Amino acid sequence: MERNRPKTIILVPAYNEREEILRKTLDTLRESGFPIVVIDDGSEVELSLYLNGLNGVTVLRHPVNLGQGAALQTGMDYALEVGAEAVVHFDADGQHDAREIPALLDTLTNGADLALGSRFLRKEDKVAIPWARRLLLRGARCVNFLFTGKWLSDAHNGFRALNRKAMEKIRITENRMAHATEIVALARKASLKIVEVPVHIQYTDYSRAKGQNWQQSLNILLELLLNKLF
Amino acid sequence: MNLIQIILLVGLAGTMVLAFVILRNQLIGRLFFLGQFLLGGFFVIFPDITSKLAKKLGVGRGTDLLFYLFVVLFYLTALVFVAQIRKLNRQMTELARQIALLKK
């Protein structure tokens, strides 16, 4: 029931997303009834040009491209500013299912501070993952455990929800893709309650082309190591 | 293990610590880099000293000694630069974020 849920904002970081894809994602999100904030991470064509006037959608724009981590942090700074009690991180490319947002939020209501979507908790979600990606993700969760000490079945899932307490304790400094691990590491440090929630990720040719390949994964690992030193 | 190996190993290991100190303390950083120039000038004026020093440390030629020192100093400089760039990156991110939030 909407009334029992805390004031929630959906954060959608976007960079050079194709107009029809982003519109489709936002249309399904608007059905959920929550206010939406799109963070335009310095897209070549300003997203507000075709998003302006969309009911329930606010657009924040970085003047330069900083990365998904930075975009999410900007969104959370905004959410805190306007008094949100919870935020949901939602991908712009249509991979996430807006109907699963209530499940994430219910997890927060039931005591979690950080609700993380996982593709590995239900068989039907697991088999939907392309095999190469599944292999990378299996490696990623080992790396995540090494850096955070928290074992997750899915360490690199952009579908998450944070309550206000988590937003206050977590400040993302990893601008690019290493933020996924950083969020977990900071949550652990602040003794926040982390719970994984089964979610289904829809892979299309478009989103597959954008996903992590092994070079990017290696880059993320090196980024995490470098940060430990500096 | 001759003397030069010990010096270089300590130098390489100590590079991190030295970089850390240089980044925190502007004066030490400036003195350090000024010192390098003075040392370089000194070796240019008295090149024979490098050969004598090299022999004492167990290195073949004075040139080799200078080269080894150069390697360690290069790593140190690179570390300091990378750290400065990362710091600038963080500051730039905050600026861009404030702009985004102001123009909402």
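Computed from a predicted model, the values in this text were never measured in an experiment. Here is how names work: the chains are called A, B, and so on, in the same order as the sequence lines, proteins then strands, and each is numbered from 1. What's counted below: heavy atoms across the whole structure, side chains too, no hydrogens, waters or symmetry copies.
- Checked by atom type, the side-chain pair B:Asp48/B:Ser51 shows no donor-acceptor distance below 3.5 Å.
- Of the atoms belonging to B:Glu94, it is side-chain heavy atoms, and not backbone ones, that fall under 4.5 Å from chain A.
- Interface residue A:Thr74: backbone and side-chain heavy atoms are both found under 4.5 Å from chain B.
- Residue contact with chain B, scored on non-hydrogen atoms closer than 4.5 Å, involves the backbone and the side chain of A:Gln73 alike.
- No side-chain heavy atom of A:Phe34 sits less than 4.5 Å from a side-chain heavy atom of A:Ile9.
- Side-chain contact between A:Val87 and A:Met167 is present, with at least one heavy-atom pair separated by less than 4.5 Å.
- In terms of non-hydrogen atom pairs under 4.5 Å with chain B, the most contact-rich of A:Thr58, A:Asp77, A:Ile39, A:Val59 is A:Asp77.
- Of the candidates A:Asp113, A:Thr8, A:Thr109, A:Asp113 is the only one forming a side-chain hydrogen bond (donor to acceptor under 3.5 Å, both in side chains) with A:Asn163.
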